[in-house]
Amino acid sequence: METPSRTNGRLTAFGNQLVQVHNWLRKELALLHDDLGSVAEGRAERLRDLRAHCLTFCSALTRHHTGEDGGAFLVLAEKFPELRPSLEELAHDHEVMTGLIERIEELVAGVGPGSSPAEILDIQRELDGLTAIMETHFRYEEKRIVEVLNSLDMPEWQESKPSFLLKSH
């Protein structure tokens, strides 16, 4: 796991770290699309990469959202009650994305060297849906909570990085 970034000797603000995690997740999703494209083109040797990358990405996105729902959003709702409607909307998005992630994992697990183009297309559709909702969600989240996260002084988050701010490589 990664430690917080430092800027001018200070730890980077939590909201900025959130944007870094979102950017990393965006990049990982793009790579997952690429892996699927390779499998669709008949490069079956990439099937293992697709499965491994799907597992890594899906786990990271789930950990991020679970950490927000069970930690960051609770803190923000307490300290900034005016954000509660936005936080509830964001938590709802997490539920929708969880369903998409489960469907993608199920479809990817069923893909094999003899998979039909229709099976690959099913995965592509689900990935496209996840991409659309994830991007809209990230933009809205960044607009609504980055500034308030940057204003927080949470020594416990500095000592032990919360799961919503973790990236894995």
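Here the structure is a predicted model, which means the values were calculated and not measured.
- The closest side-chain heavy-atom distance from S151 to F14 is not below 4.5 Å.
- Scored by the salt bridge (Lys or Arg N to Asp or Glu O under 4.0 Å) test, D93 finds no partners at all (sequence neighbours excluded).
- Here salt bridge (charged side-chain N to carboxylate O under 4.0 Å, His left out) pairs that include residues 128-149, with residues two or more places apart or in two chains, are R26-E135, R26-E142, E135-R139.
- Here the straight-line distance linking atom CG of L25 with atom CG of L32 works out to 11.5 Å at 0.5 Å rounding.
- Under a hydrophobic clustering in which Ile, Leu, Val, Met, Phe, Trp and Tyr are joined whenever their side-chain heavy atoms come within less than 4.5 Å, directly or via other members, L127 and L121 fall into different clusters.
- Formation of a donor-acceptor pair under 3.5 Å by the T56 side chain with backbone atoms of H53 is not found in this model.
- Linking ILVMFWY residues whenever their side-chain heavy atoms come closer than 4.5 Å, directly or via other members, leaves M97 and L31 in distinct clusters.
- A pairwise comparison of heavy atoms in N150 and A13 identifies OD1-CB, 2.8 Å as the closest pair.
- I101 and I133 fall within a single hydrophobic cluster, where Ile, Leu, Val, Met, Phe, Trp and Tyr are joined by side-chain heavy atoms under 4.5 Å apart, directly or via other members.
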Side chain to side chain contact (heavy atoms under 4.5 Å, CB included) for H64 and K167? Distances and angles first, verdict last.
CA-CA 9 Å; H64 174 70; K167 296 187 285 186; over 6 Å; no

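- Partner of E68 under the side-chain contact (heavy atoms from CB on, under 4.5 Å) criterion, out of L18, L90, L76: L18 alone.
- Not a single donor-acceptor pair under 3.5 Å links the side chain of D122 to the backbone N or O of L107.
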If you apply the rule side-chain hydrogen bond (donor to acceptor under 3.5 Å, both in side chains), what do you find for E88 with H92, and how did you get there?
CA-CA 6 Å; E88 289 171 6; H92 174 73; over 6 Å; no

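- Residues H94 and H137 are in side-chain contact: their nearest non-hydrogen atoms beyond the backbone lie under 4.5 Å apart.
- In this structure, V39 and I123 have side chains that are not in contact, with every pair of non-hydrogen atoms separated by 4.5 Å or more.
- Closest non-hydrogen pair, V108 versus C54, comes out as CG2-SG, 4.0 Å.
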Go through it in stages, so that I can follow the logic: the residues are H65 and T98, the test is side-chain hydrogen bond (donor to acceptor under 3.5 Å, both in side chains), and I'd like the CA-CA distance, side-chain angles, deciding distance and then a yes or no.
CA-CA 9 Å; H65 290 155; T98 295; 5.8 Å; no

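- Atom CD of E78 is surrounded by 12 or fewer heavy atoms from other residues, nucleotides or ligands within 6.0 Å.
- Rounded to the nearest 0.5 angstrom, L149 CG and M154 CE are separated by 9.5 Å.
- Connection of V148 to Y140 is established within a shared hydrophobic cluster, with ILVMFWY side chains joined at heavy-atom distances below 4.5 Å, either directly or through further cluster members.
- Here the CG atom belonging to L29 is positioned 8.5 Å from the CG atom belonging to L61, to the nearest 0.5 angstrom.
- Inter-residue side-chain proximity for E28 and W24 is flagged as met; some heavy-atom pair is nearer than 4.5 Å.
- Residues F80 and L152 form a side-chain contact, since some pair of their non-hydrogen atoms from C-beta on lies under 4.5 Å apart.
- Every side-chain contact (heavy atoms from CB on, under 4.5 Å) that T66 has, sequence neighbours left out, goes to T62.
- Side chain of E119 to main chain of S116: a donor-acceptor pair is present (N/O by atom type, distance under 3.5 Å, no hydrogens or angles).
- We find the CE-CZ distance between M134 and F138 to be 4.5 Å, quoted to the nearest 0.5 Å.
- To the nearest 0.5 angstrom, I104 atom CD1 is 6.0 Å from C58 atom SG.
- L55 and L50 sit in two unconnected hydrophobic clusters of ILVMFWY residues. Membership requires side-chain heavy atoms under 4.5 Å apart, directly or through other members.
- Minimum heavy-atom separation, A91 to F73: N-CE2, 4.1 Å.
- For the pair G67 and F164, the tightest heavy-atom approach, listed with the atom from each and the gap, is C-CB, 3.8 Å.
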